[in-house]
Structure formats: C-alpha cells, structure tokens
Amino acid sequence: MSSSRIGGTLIPPGSHPSNQVGGKVYIPAASYPSKSDPTKGYNVCEVSDGTTSCDCMGWTRRNPPGGRTCRHTQDYELTLRADWNALNNGLPVPHATLAPEPVVQAGK
Ligand SMILES: [Zn+2]
C-alpha cells in the first residue's frame, strides 16, 4: 500500500455519492489538504471516461493540450489510485445513466 506524498487520504469507493455532470460520472476518490489554507481541501475524483479530476484552481483554470493535471491528480495517480482500484475490485467507473444537458446555442 503506497501512501500519498502530499498528505492525501483515500476516499473508499461507495462511501461518498457520485455526481453526474455533463454526461460523465465523478466519484470522489481522495481528499487533499490545501497548502495555503489549512481550513480548505481539494477532492480528486475518478471520472467515467478513465481520467481523474480535481477541484483546485490549478486543475480547473488550466486546460493544456495534453490534458488537465495538477499536483493532486499527479500524486493520486502515482500513489493512491492503485489502492482505490483495488478497493473497487478493479471495476471501471460506470458510465452516466443521465443524458448530458443539451447545449444551448446563443443567437438561434
Ligand atoms: Zn488539484
């Protein structure tokens, strides 16, 4: 069992409800403390498209061509992800059962 190098803790599968946003399923998988504000923290999610997401500024504000990333998702994928997958019996995140919200186009 490898542990996070920046203080992250695993959120066992099934202990938190998943969210469906934009046709994808997000399952909370790990929580990380904020470096600048001890009262805050960030959640890394497993996403049904096989990626991970985070709700920190670094992840949400940047969207480079190689895909979004941040120190939390990088740490999670290197350390805690194997444990999360083992606890989830190696099952993938289920696909969304709700249709994505229709995209409203302006000017029509
Ligand atoms: Zn992050």
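What you see is a predicted model; the values in this text were computed from it and never measured. Remember, it's 1-based here, ligands and their atoms both numbered in the order they're listed.
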Should E46 and R81 be marked as a side-chain contact (heavy atoms from CB on, under 4.5 Å) after you check the CA-CA gap, both sets of side-chain angles, and the distance that decides it? CA-CA 9 Å; E46 285 281 350; R81 192 175 206 182; 2.9 Å; yes
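- For residues 15-28, the pairs satisfying side chain to side chain donor-acceptor pair (under 3.5 Å) are Q20-T97, K24-D49, with sequence neighbours left out.
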What side-chain donor-acceptor pairs closer than 3.5 Å can you find for residues 88-95, not counting sequence neighbours?
unit_1, atom_1, unit_2, atom_2, d
N88, ND2, L91, O, 3.0

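- When every heavy atom of A30 is checked against every heavy atom of Y76, the shortest pair comes out as CB-CD1, 3.7 Å.
- Shown are the protein N/O/S atoms under 2.8 Å from the Zn ion (ligand 1), given by residue and atom: C54 SG, C56 SG, C70 SG, H72 ND1.
- Applying the side chain to side chain donor-acceptor pair (under 3.5 Å) test to pairs two or more places apart or on separate chains, those with a residue in residues 64-75 are S4-D75, Y32-D75, T69-Q74, D75-T79.
- When every heavy atom of P13 is checked against every heavy atom of L87, the shortest pair comes out as CD-CB, 3.7 Å.
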